[in-house]
A.B. asks: 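Quick one: the structure is below, and I'll ask about it shortly.
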Amino acid sequence: MLLQQVKWIRENRLKMCANLKKRLVADYKPVRYVPCFLQGLVRKLKRKWHKHKVIIQLDPLLRDNVGLQTLSNMLGIKVKKELNIINAVSAKLSVERLEQIVQHMSVVKIWYDYEVRALLNIASPAVEAPELWQSPDGAKYTGAGVTVAVIDTGIYPHPDVMDRIVFFKDFVKNATAAYDDNGHGTHVAGCAAGDGGRSDGKFRGPAPGAGLVGLKVLDKYGAGSLSTVIEAVQWCRDNHVQYNIKVVNLSLGSSALQSYKEDPLCLAVEELWRSGVVVCAAAGNDGPAENTVGTPGIDPVIITVGASDDYNTTDISDDDIADFSSRGPTIDGLAKPDLLTPGVNIISLRAPDSQLDKKDSVSRYDNDYTVLSGTSMATPICCGVVALLLEAQPDLIPDQVKERLISSCRSLGEYSANEQGAGLVDAGAAAQAAFAGQSGII
């Protein structure tokens, strides 16, 4: 009987992600402690009233003719968000409606709108950022003129970044003033672009002169929906010229359940990359086991960042891969991460009275800073280095930035590409090609 009832799921299995198929099949299974003669009624009610959060990708050719909203109206979909970047909309639909919609010729793919979470003083010298603060060509590079977009829990207007928050958008509560009720995004912003003002320059990110755009997609608990993250990625693509966004930081993610070729967040970040914006994503904190890199870090186009442990020294001879840093290969069998930057015991900006601040008060360092570890911290340090390179040579395209970072990394020893990627980032060495390029050598 069950096989017959879920026949439509099997027939349309290629149009739905594995996560959604699993949840739909569960809706047809008998409910415990419900008498047999009532199971049919319960199943009927569940089909009609139990709704699933989904992302529906529509045929781009049909969309070009009638528009996403019009096409959605034709299908009877009450749209929550338009995700033009991947020709999709998000919605909340019953099993009954999903059965009708999935069979329509205009529907290409339906994904479950799963939860995305935030991935939880020596760092800048370890990646040789100070070499660019007083660079070989005599100029001082600080990331000035380059904007880094932080897609996260928000940014608290901390004195070390307050004057450089060029725009803030809240996709969670629609607030207009910059804030961070979790604290993760503020720490991340400081890892990339804090100027160390409250520490006499001691706790300074690699790009202390860069601008920041805060895009809040995660709530006070560090959680949010896939569709909201995609919406923010789409916003970056549509507004990168206006705000001079050249780098986007994604210190968030989820378990990789499907190939990057079919993953909606991967599809979105690739579009952003193709628009001319460098995208850096955290590998994840599920190491040291293999096959633990999450999405969107599984995407081969973008820069995936793992974490090193610098043991609080600037000498990299004692550096190691952070035990928690996720390892490859990816679900597609690709080598990841691409590179490493420090991610253990990173001192960065504190967001007073935020969830993390109240939950882990022992991590506070003085009144203005706090200590966190994770690939979440490593990723913005990489973004800061990218900002330095793009200030030095603004015409670099994302592929060139990635190649220069990878080709100049320093190996941490006999580790595989699935453990350390190309090795530890070296901002100074990566910039040499940029300086040479400005002189006409390359």
Side-chain angles (χ1 to χ4, degrees), residues 118-130 133 142-143 148 150 152-165 168 177-214 216 218 220-222 249 251-252 282 285 305 307-314 322 324 341-385 387-388 427:
L119 305 171
L120 282 181
N121 57 27
I122 291 295
S124 289
V127 296
E128 302 293 345
W133 297 341
T142 63
V148 179
V150 178
D152 213 288
T153 62
I155 302 177
Y156 167 73
H158 189 285
D160 286 9
V161 296
M162 182 170 55
D163 294 339
R164 290 176 289 112
I165 301 176
F168 180 83
Y179 76 102
D180 183 2
D181 52 5
N182 175 270
H184 184 272
T186 300
H187 196 277
V188 165
C191 288
D195 67 11
R198 284 299 179 96
S199 62
D200 294 324
K202 186 177 181 181
F203 305 127
R204 180 187 295 181
L212 289 165
V213 164
K216 182 174 175 61
L218 306 179
K220 67 183 293 184
Y221 302 107
N249 186 92
S251 289
L252 48 75
N285 299 332
V305 185
S308 67
D309 188 343
D310 57 28
Y311 294 101
N312 207 34
T313 70
T314 57
F324 57 75
T341 59
V344 177
N345 295 329
I346 304 299
I347 299 175
S348 184
L349 311 185
R350 173 190 169 209
D353 299 320
S354 64
Q355 185 73 9
L356 287 180
D357 187 52
K358 291 185 287 188
K359 184 179 179 182
D360 193 14
S361 60
V362 296
S363 293
R364 295 174 190 168
Y365 191 97
D366 294 335
N367 290 324
D368 297 294
Y369 302 95
T370 191
V371 184
L372 292 175
S373 296
T375 53
S376 276
M377 286 65 250
T379 305
I381 291 172
C382 181
C383 283
V385 172
L388 297 180

A.B. asks: With rounding to the nearest 0.5 Å, note down the distance linking CZ in Arg204 to OG in Ser199.
C.D. replies: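 Those atoms lie 8.5 Å apart.
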A.B. asks: So if I apply the side chain to side chain donor-acceptor pair (under 3.5 Å) rule between Arg350 and each of Asp368, Asp357, Thr370, which one comes out positive?
C.D. replies: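 The passing option is Asp357.
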A.B. asks: Taking all non-hydrogen atoms of both residues, which atom of Ile155 and which atom of Gly214 are closest, and how far apart?
C.D. replies: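 Closest approach of Ile155 to Gly214, heavy atoms only: CD1-CA, 3.7 Å.
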A.B. asks: For the side chain of Thr341 and the backbone of Ala378, is there at least one donor-acceptor N/O pair under 3.5 Å apart?
C.D. replies: yes
A.B. asks: For Ala207 and Gly143, which heavy atoms make the closest approach, and how far apart are they?
C.D. replies: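 Smallest heavy-atom distance, with atoms named: CB-CA, 4.2 Å.
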A.B. asks: Nearest heavy-atom pair of Ala178 and Pro157: which atoms, and what distance?
C.D. replies: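 Shortest heavy-atom contact: O-CD, 3.6 Å.
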A.B. asks: For Asp160, is there any backbone N or O sitting under 3.5 Å from a side-chain donor or acceptor partner on Arg164?
C.D. replies: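 The answer is yes, because a donor-acceptor pair under 3.5 Å joins these two groups.
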A.B. asks: Can you find a heavy atom in the side chain of Val150 that is under 4.5 Å from one in the side chain of Pro380?
C.D. replies: no
A.B. asks: Among Thr153, Asp180, Asp181, find the one that has a side chain to side chain donor-acceptor pair (under 3.5 Å) with Lys216.
C.D. replies: Asp181
A.B. asks: If you measure from CD1 on Ile347 to SG on Cys191, what distance do you get to the nearest 0.5 Å?
C.D. replies: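 Result: 10.5 Å between the selected atoms.
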A.B. asks: For the side chain of Asn285 and the backbone of Thr375, is there at least one donor-acceptor N/O pair under 3.5 Å apart?
C.D. replies: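 Present.
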A.B. asks: Looking at CE of Met377 and CG of Leu372, how far apart are the two atoms once the value is rounded to the nearest 0.5 Å?
C.D. replies: 5.0 Å
A.B. asks: Holding to ring pair (Phe, Tyr, Trp, His ring centres under 6.0 Å), I want the full list of residues that pass it with Tyr369, two or more places apart in sequence or in another chain.
C.D. replies: His158, Phe203
A.B. asks: Nearest heavy-atom pair of Ala307 and Gly374: which atoms, and what distance?
C.D. replies: CB-O, 4.3 Å
A.B. asks: Is there a side chain to side chain donor-acceptor pair (under 3.5 Å) between Thr379 and Asn249? Walk through the geometry before answering.
C.D. replies: CA-CA 7 Å; Thr379 305; Asn249 186 92; 5.1 Å; no
A.B. asks: Are the side chain of Thr186 and the backbone of Tyr156 linked by a donor-acceptor contact shorter than 3.5 Å?
C.D. replies: yes
A.B. asks: Please confirm whether the backbone N or O of Ile346 pairs with a side-chain atom of His187, one donor and one acceptor, at under 3.5 Å?
C.D. replies: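 It does hold such a pair.
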A.B. asks: Could you tell me which non-hydrogen atom of Pro206 sits nearest to which non-hydrogen atom of Pro208, and how far apart they are?
C.D. replies: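 For Pro206 versus Pro208, the nearest heavy atoms are O-CD, 3.2 Å.
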A.B. asks: Counting C-beta onward and ignoring hydrogens, is there a side-chain heavy-atom pair between Ser354 and Asn182 closer than 4.5 Å?
C.D. replies: no
A.B. asks: Would you name the heavy atoms of Val161 and Ala193 that are closest together and state the gap between them?
C.D. replies: CG1-O, 4.0 Å
